[in-house]
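Below is one structure, written out as structure tokens, with a few remarks after it.
From a predicted model like this one, the values you see are computed outputs, not experimental measurements. First the proteins, then the strands, lettered A, B, ... as listed; each starts at 1.
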2 protein chains.
Amino acid sequence: MKVTIQDLAAQLHLTTATVSRALNNHPRISDSTKKAVVELAEKMNYRRNRIASSLRSGKTHTIGVIIPSAEINFFGSVVHGIESIANTNGYNILLYQSNESTEYEQKAIETFIDVRVDGVLASIAKETTDITHYLELKSKGIPLVFFDRSKDMVNIPSVVVDDFKGGYMATQHLLQQGYRRIAHITGQLHLKIFNDRLNGYKSALHAAGIEVDESLIYYGNVSIEAGKEAINYFFGMAEPPDGIFAVEDFTALGVIKAAKEKGISIPEQLGVIGFANESFDEHITPSLSSMDQQTVLMGREAFKLLLELIYEKEEVQLKKVNVVLEPIARFRQSSMRQMIVNKL
Amino acid sequence: MKVTIQDLAAQLHLTTATVSRALNNHPRISDSTKKAVVELAEKMNYRRNRIASSLRSGKTHTIGVIIPSAEINFFGSVVHGIESIANTNGYNILLYQSNESTEYEQKAIETFIDVRVDGVLASIAKETTDITHYLELKSKGIPLVFFDRSKDMVNIPSVVVDDFKGGYMATQHLLQQGYRRIAHITGQLHLKIFNDRLNGYKSALHAAGIEVDESLIYYGNVSIEAGKEAINYFFGMAEPPDGIFAVEDFTALGVIKAAKEKGISIPEQLGVIGFANESFDEHITPSLSSMDQQTVLMGREAFKLLLELIYEKEEVQLKKVNVVLEPIARFRQSSMRQMIVNKL
DNA sequence: GTGAAAGCGCTAACAT
DNA sequence: ATGTTAGCGCTTTCAC
């Protein structure tokens, strides 16, 4: 039933050592025996037991991936990028969801240590502030790369999108479209990504010679509801904004829904742009402008970075590598009052 | 640096066997030694090497999961369900994407065999017609459960949604709303799920005493484009339909987009319902009625079924178990011309 | 270019 | 309730 290298060795009157070398394409094994071994292996339907191999060699060719939830489009897309490239490089993906909880994160890391993954890719849970559990990987010599959600202070490589630039570009776009009183709906500011977008917004205003008006910044919790609340707040003002940059697309969706209810026309009366390029953006009415975070590329880059770390184990891992991806503007109806836009 | 049970055994003047048993909570080990072992393990920061454990025991506590793509919402959601319950049961998920290709599927299965997963959950790639590569798992004694996309002929347990019933319910709903000339846009009919939905459609018409009109069935390829093409076809007819049941939501989306362009009012002039309950459904205008496939539940049920098979290895695995989940109707604006509907 | 021997860390018979 | 012994299947020195 189960064929091992011992069976192959016996049949060929070789030792298991030689068979193992032949299967691993060892340079000092003659081509003839290699051929014989490989052929017999195929004929006998031999399959290497990777558990045994891993135990001896210490390599599992498996990497652990922690995401908040596979249900979130964004992370599904990143995982898609990771798995594709990992696969072509002979690595497998062990998938864990943190559900935004530090406790689950901790469990994942312990499991990864137990199964001796060769490396870990992770996006930090919203709940997590202290990341010492991640540092345990380091102490065990397991390379770690953060993607999307990372921590600034620590010396861990990461792949993120340039949120500052994204915020800047989004705001600049609204300015170029002739909007002048531009508001921002932000998110939990202890998360760097939201903070960066806010700063990009401010910076774009400065660059245009417009003073930041704190009353035009609404502090929300990143949800459809937050967008609706923001509209209520803004359109209760004596002088409401004529443009809104929302920190992400669900917030922007709330803005659009509430604006419709109030009879505020988009993009004529109010320009709207979000962030994330969610799949619904192009299907709603009006279609929603947004900043694409290059999710699949992010996954690929994160894996490539991790792979480098895996191979350079011995060398200085202290160099701080941070890959920063350019956000890509996706301008649609919700913010385009100056051009003819593709009909829905 | 790395602590093994030998270190624990030495410190406590016990054998590795006893330590192993203590750590595994073996019934015949005294509470006192258990306590001592566990405490020392914690103190020395011991972590079981699961590779070694797996090699010896033959169990990896890992299951392989094959999905077409993590980028597809539906599968992300199912994976969410699988991972959650697997995790609470002490199982890890090895994730593979088939990209709808038989070749990748084959690779995934070989890998799963090599790493000795305890079981496999899979959704068959669109391209795949011959599933003998899946049967290899069986021959190696690795349990397999299909979810969503399964094959009827073979004797493999599966968890699917009742597509026939879903098609029936969707069509029936349109009838109840007073639509009389109801069309259907179908998909690749070699896939059972699409075939079942078509039959549900036909059956609902029969039950209402309406003859099936073949000219009202459009054969599409499951895409936004297919929906648009279908509208062109239907509204080129002398007597166009007044209701459309689309085989899934992207097709329905195409219908809505094309209808808007043609000035066909929804739901007044044309009722539309899709299938899948995609996340965009409730955000488009008009919001799209659809049939929910209970994705998270599907993942949970699939795992539970697999777990049973893993534990019953020796027993007859020949019984054909097919869990069929009820689709859940999500009626929204696109099909509701008789009731007052929540505004967007 | 191949063999001999050891061992990765754990678990499971079989003892007692 | 614990010890003895063996071995899961592979890789890897160290020989020659």
Rounded to whole angstroms, how far apart are [atom1] on [X] and [atom2] on [N]?
| X | N | atom1 | atom2 | value |
| --- | --- | --- | --- | --- |
| B:L55 | D:dA6 | CG | C1' | 13 Å |
| A:D114 | C:dC10 | CG | C1' | 13 Å |
| A:H13 | C:dA4 | NE2 | P | 14 Å |
| A:R56 | C:dC8 | CZ | C1' | 6 Å |
| B:I51 | D:dC10 | CD1 | C1' | 13 Å |
| A:L12 | C:dG3 | CG | P | 10 Å |
| A:N25 | C:dG1 | CG | P | 13 Å |
| B:R47 | C:dC8 | CZ | P | 21 Å |

Within the 4.0 Å heavy-atom criterion, would you say [X] contacts the bases, only the backbone, or no part of the nucleic acid?
| X | answer |
| --- | --- |
| B:T4 | sugar-phosphate |
| B:T15 | base |
| A:S53 | sugar-phosphate |
| B:T33 | sugar-phosphate |

Subject >> Beyond-backbone contact of B:T62 with B:V115, side-chain heavy atoms, under 4.5 angstrom >> reply: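 No, every pair of side-chain atoms sits at 4.5 Å or beyond.
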Original post:
Quick one: does A:F75's side chain get under 4.5 Å of A:I82's, heavy atoms only?
Top reply: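 Of all side-chain heavy-atom pairs linking A:I82 with A:F75, none is under 4.5 Å.
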**OP:** Verify the distance criterion only: is there a donor paired with an acceptor across the side chains of A:N92 and B:Y96 at less than 3.5 Å?
**Re:**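 A:N92 vs B:Y96: donor-acceptor pair found between side chains.
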Original post:
Does a side chain donor of either B:S98 or B:S101 reach within less than 3.5 Å of an acceptor in the other side chain?
Top reply: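 The answer is no; no qualifying pair exists.
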Original post:
For B:D31 and A:Y46, take the nucleotide of DNA chain D holding the closest heavy atom to each; which residue's nucleotide lies nearer the 5' end?
Top reply: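 In this pair, the answer is B:D31.
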Original post:
Between B:H26 and B:A52, who's closer to the 5' end of DNA chain D by nearest nucleotide?
Top reply: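 Checking each residue's closest nucleotide, the 5'-ward one belongs to B:H26.
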Given [options], which nucleotide is nearest the side-chain atoms of [X]?
| X | options | answer |
| --- | --- | --- |
| B:S20 | C:dT11, D:dT12, C:dA12 | C:dT11 |
| B:N49 | C:dC10, C:dA12, D:dG9 | C:dC10 |
| A:K2 | C:dT11, D:dG9, D:dC10 | D:dG9 |

Subject >> A:I66 and its side-chain contact (heavy atoms from CB on, under 4.5 Å) partner, picked from A:L94, A:I109, A:L95 >> reply: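 Among the candidates, only A:I109 passes.
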Original post:
Taking five pairs at each end, how big is the angle between the two axes of the helix from C:dG1-D:dC16 to C:dT16-D:dA1, to 10°?
Top reply: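 Here the helix ends are tilted 30° relative to one another.
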Note: [X]-[Y] ion pair, threshold 4.0 Å (strictly below):
| X | Y | answer |
| --- | --- | --- |
| A:E301 | A:K304 | yes |
| B:K35 | B:E39 | yes |
| B:R149 | B:E100 | yes |

Subject >> Main-chain N/O of A:K59 paired to A:S54 side chain as donor or acceptor, under 3.5 Å >> reply: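 Answer holds: yes.
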**OP:** Indicate yes or no for a side-chain donor-acceptor contact from B:S20 to the backbone of B:T16 under 3.5 Å, with no hydrogens or angles considered.
**Re:**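 Checking the backbone N and O of B:T16 against the side chain of B:S20, no donor-acceptor pair under 3.5 Å is found.
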Listed pairs, N/O of protein and of nucleotides 14-16 of chain D, under 3.5 Å:
none

**OP:** May I ask you to verify if any side-chain N or O of B:T18 is less than 4.0 angstrom from the OP1 or OP2 atom of D:dG3?
**Re:**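 For D:dG3, OP1 or OP2 has a side-chain N or O of B:T18 closer than 4.0 Å.
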